[in-house]
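Just so it is clear, the values below take in all heavy atoms, side chains as well, and ignore hydrogens, waters and symmetry mates. The residues of the chain are indexed from 1 along the displayed sequence.
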Amino acid sequence: MFNRRFAKLVKLVLITVSIVGGLYYLSGFIDGDTSAALGNRLSQEYMDSFWKTYDSSKSSYGSSLLGGSGEKGETDFRSPEAKLKIKDFYKTVFEHILDYSPAGKTAREFDDSCFDSGDISTRPDSYKNWKKLSYHQLSHCMKISPSEINHLRGNHKSYVDKINELVLPKGSYKGEGIVTVGGGKFTLMALTMIKALRTLGTTLPVEVFIPPDEGESTFCESVLPQYNAKCIYISDILPDDMIQKFTFKGYQFKSLAMITSSFENLLLLDADNIPVKKIDHIFESQIFRSAGLILWPDFWRRTTMPAYYEIANLPYNQNKRVRNAFDDITPPEVYTKPDGDLSEVPFHDMEGTLPDPSTESGQLLISKAKHLPTLLLSLYYNVNGPNWYYPIFSQRTAGEGDKETFISAASFYSLSYYQVKTSVGVDGYFRHDGSGYRGVGMLQHDFIQDSKQYMEAFQYSNTKYIIQRTEKGSISYDPSYDPNKFFDKFFSRKKPDGGDESKADVMFVHCNLPKFDPYVSWDTNDLVYQTKHFRSFNNKKVIAQFDIELENFKFFNETLCPYENGKGKFKYLDNKLSEERWPQMCDYISKRLQYLKESHNEALGLEKATEA
């Protein structure tokens, strides 16, 4: 989703294009074919003009922090002198984090009525609960005192003031690639994800961040180099004496991985998040080059406390509605009642607030040249996340963690970003015991295709309402308006079976539960019912792109079995399995692989395969 500055620029250019298109439409002097051709030409002229204009608009924060990045092919990249300079830079950053981290932690006390009916989504079945997202409701959910707000605000301002004085040494980052976090079971998952990348033809280099005290020497020295990948460590950018002053854990490792990575442009992927199409081209896309930060949506609407805006000193306007959930294109007059009562309108529909829906951070695309301030402020939010910022951003709703730290930091600096509009999908299966549906993976979509659909929707809407304003003198309130109908018009389509699917391809499958962990799958005998294996992923469109279960179990069989082949590669499995138990896991892998081979065609809706 575009931030405020980005959206205003889009609207300015699109209104111009729409006026021209609308005038032609009204004139009646051109036929349908000519009109379509003209629309295509105007769209292309608009796109060229927009990206050229936007590329020249850069935040002063980015230029003040970034002293200059290494050019591709620079032979002395991260020379000994450069390594010392980047360590000095981040030592100073972490000193400021120590100095200006708020004391104590929130008591996590919540009003009894706070989201008592569960998490609130963007879908129609949640419309009745949207009033629970109003300013009043969000302000009376988690309890926070005026003195706590003042304490947080003072430390936030001091940290921001200090990092704005810093300049990153030239040559600190270079090139582009993929970054993930390993350690423990996530090391095995990381390699599974990397294998999927290579199977699909993606050649981008990969860096795997290994948390402190998670030594993975065999994996890092012998296994990863076969895949154009390497391990990185916090000690690459931070002196040992500073590392010892922090206890990092959980979501914080993702922020650390991004600043530790040598890449200037990077895709951050959770280790259990698997791309299902080739993605070598992602850094060359117009939308990434212009925005510098690409985010993906979660299922849920935003629940950030209004107190956050006081803490960060961010202005907002409770009397001006600028969107309806994820629809920031349709004019507010269409869906805002004429009586002007906004008391039950969701707070994050208002001007100056973070946009809906909330963010799912299993994947994130970022340019350090444009978004180093975002990384440094989100680092601060994550270090202080468990004590303060995670509950402030999410108020005990689903997925509390690092997910809102990146969009909040970018918004603080008024830096551009694009959050994908296509709703997150889900894949899974109905349990054989009749206990309901089990979601096993989140489906996130191609941001390049999605951004083109967004532009088409924007142009269509502006033309439509300019014509309405021209003919009627104003834009009318429409009581039949439904944001999901608007969404479906531009971002989804009907399948042959009558269901809906997204127009954009699935790009990532975030395998939340069960994770692709062969030890746990075997130990729990998961995905087996009455001695028979069954598939957990069933989306035919995704299976046609990449049969994630089949390919992953091929990899497990090749890499881990037999015992002599798998031992010593992964500390996690060496610690879990004895030499006697390892063959039992391999037997599970072998049987599941055979089943997945035999069921592949059937999973695609074709005739059942007659041979493996």
What distance separates L269 CG from I279 CD1, expressed to the nearest 0.5 Å? 6.0 Å

Does the K368 side chain pair with the main chain of Y173, one donor and one acceptor, at a distance under 3.5 Å? no

Are Y460 and F490 an aromatic pair by the rule of ring centers under 6.0 Å? yes

To the nearest 0.5 angstrom, please state how far the CD atom of E284 sits from the CG atom of D280. 10.0 Å

Give a yes or no on whether the backbone of P169 and the side-chain of S172 come within a donor-acceptor separation of less than 3.5 Å. yes

Against L443, only a single residue in T422, V426, V506, V424 fulfils side chain to side chain contact (heavy atoms under 4.5 Å, CB included); can you say which? V506

In terms of side-chain heavy atoms, does T397 have a donor or acceptor partner in T303 at a distance below 3.5 Å? yes

So, does K370 use its side chain to make a donor-acceptor pair with the main chain of R289 at under 3.5 Å? yes

S121-S126 side chain donor-acceptor pair, cut-off 3.5 Å: yes

Identify the residue among Y135, F412, F347 that makes a ring-ring contact (aromatic ring centres under 6.0 Å, His included) with Y309. F347

Any chance the side chains of S262 and E207 put a donor and an acceptor closer than 3.5 Å? yes

Less than 4.5 Å apart, side chain to side chain, heavy atoms only: is that true for L295 and V420? no

Check whether S358 reaches the backbone of W300 with its side chain - one donor and one acceptor, N or O, closer than 3.5 Å. yes

Any Lys/Arg nitrogen of K157 or D161 sitting under 4.0 Å from an Asp/Glu carboxylate oxygen of the other? yes

Rounded to the nearest 0.5 Å, how far does CD1 of I144 lie from CD of E310? 9.0 Å

Which pair of heavy atoms, one from R108 and one from E400, lies closest together, and at what distance? NH2-OE2, 2.8 Å

Checking side-chain polar atoms at under 3.5 Å, does T330 have a donor or acceptor matched by the opposite partner on D327? yes

K403 and D298 ion-paired at < 4.0 Å: yes

Test log, rule side chain to side chain contact (heavy atoms under 4.5 Å, CB included), inputs V181 and V208: CA-CA 5 Å; V181 176; V208 180; over 6 Å; no

Salt bridge or not for R301 and D356, using N-O below 4.0 Å? yes

Heavy-atom nearest pair, Q395 first then C141, reads OE1-CB, 3.0 Å

Would you indicate whether the side-chain heavy atoms of T359 and W296 approach each other to under 4.5 Å? no

Between W388 and G104 (side chain of the first, backbone of the second, donor and acceptor by atom type, cut-off under 3.5 Å), is there such a pair? yes

Nearest 0.5 Å please: distance from the OH atom of Y90 over to the CG atom of L238. 10.0 Å

Compare every heavy atom of R302 with every heavy atom of L138, then report the nearest pair and how far apart it is. CD1-O, 4.5 Å

So, the side chain of Q363 versus the backbone of E360: is there a donor-acceptor pair under 3.5 Å, distance only? yes

State, yes or no, whether a side-chain contact exists between S255 and V383 at a heavy-atom distance under 4.5 Å. no

Side-chain donor-acceptor contact under 3.5 Å, Q252 with N382: no

Can you see whether N313 engages R153 through a side-chain donor-acceptor pair at a distance of less than 3.5 angstrom? no

List the steps and the verdict of side chain to side chain donor-acceptor pair (under 3.5 Å) for T260 and D236. CA-CA 7 Å; T260 301; D236 294 342; over 6 Å; no

Given 3.5 Å as the limit, does a donor-acceptor pair link the side chain of S261 with the main chain of A257, or not? no

Examine R396 relative to F110 and say whether NZ or CZ is less than 6.0 Å from the centre of the six-membered ring and inside a 45° cone about the ring axis. yes

Using the ring-ring contact (aromatic ring centres under 6.0 Å, His included) definition, which of the options F246, Y100, Y159 pairs with F94? F246

Are side-chain N/O atoms of T353 and H348 paired as donor and acceptor at under 3.5 Å? no

Salt bridge or not between E81 and K85? Use side-chain N to carboxylate O under 4.0 Å. yes

For the student: nearest non-hydrogen atoms of F447 and Y418, plus distance: O-CE2, 4.2 Å

With a 4.0 Å cut-off on N to O distance, would you call K254 and D270 a salt bridge? yes

Determine the minimum heavy-atom distance between S461 and P331, stating which atoms define it. OG-CD, 4.2 Å

Crowded around K503 NZ? As in, over 12 foreign heavy atoms under 6.0 Å? yes

Is Y389 close to S378 at the side-chain level, that is, under 4.5 Å between some pair of heavy atoms? no

Test item: L267 and I366 side chains (from C-beta on) under 4.5 Å apart, heavy atoms: no

Presence of salt bridge, K87 and D240, under 4.0 angstrom: no

Distance only, no hydrogens: is a donor on one side chain within 3.5 Å (strictly under) of an acceptor on the other, for D505 and H445? no

Taking atom types as modelled, is there a side-chain donor on Y308 or Y381 under 3.5 Å from an acceptor on the other? yes

Kindly determine whether D450 and I287 satisfy side chain to side chain contact (heavy atoms under 4.5 Å, CB included), including the steps that lead there. CA-CA 10 Å; D450 175 271; I287 186 66; over 6 Å; no

Using the side chain to side chain contact (heavy atoms under 4.5 Å, CB included) rule, take Q318 and Y316 through it: C-alpha gap first, then chi angles, then the decisive distance, then the call. CA-CA 6 Å; Q318 280 183 259; Y316 56 85; 3.7 Å; yes

Side-chain donor-acceptor pair under 3.5 Å between H510 and Q444, yes or no? no

Distance (rounded to the nearest 0.5 Å) between T180 OG1 and N273 CG: 8.5 Å

Can any side-chain N or O of Y127 pair as donor or acceptor with the backbone N or O of T122 at less than 3.5 Å? no

Taking the side chain as C-beta and beyond, is there a heavy-atom pair between F263 and V179 under 4.5 Å? yes

Is there a side-chain contact between M350 and V345 (heavy atoms, below 4.5 Å)? yes

Return yes if a side-chain donor-acceptor contact under 3.5 Å exists between D349 and Y335, otherwise no. no

Pairing of E351 and R321 as salt bridge, 4.0 angstrom limit: no

Does the plane of the ring in H140 sit parallel, tilted or perpendicular to the ring in H136? Use 30° and 60° as the thresholds. tilted

Any side-chain to backbone donor/acceptor pair from S394 onto P391? Under 3.5 Å, distance only. no

Is the shortest heavy-atom distance from the side chain of D88 to the side chain of T92 under 4.5 Å? no

In terms of heavy-atom contacts, H371 and L293 come closest through NE2-CB, 3.4 Å

Taking atom types as modelled, find out whether D402 and S361 have a side-chain donor-acceptor pair closer than 3.5 angstrom. yes

Can any side-chain N or O of D446 pair as donor or acceptor with the backbone N or O of A504 at less than 3.5 Å? no

Supply the atom-to-atom distance L354 CG to S408 OG, rounded to the nearest 0.5 angstrom. 4.5 Å

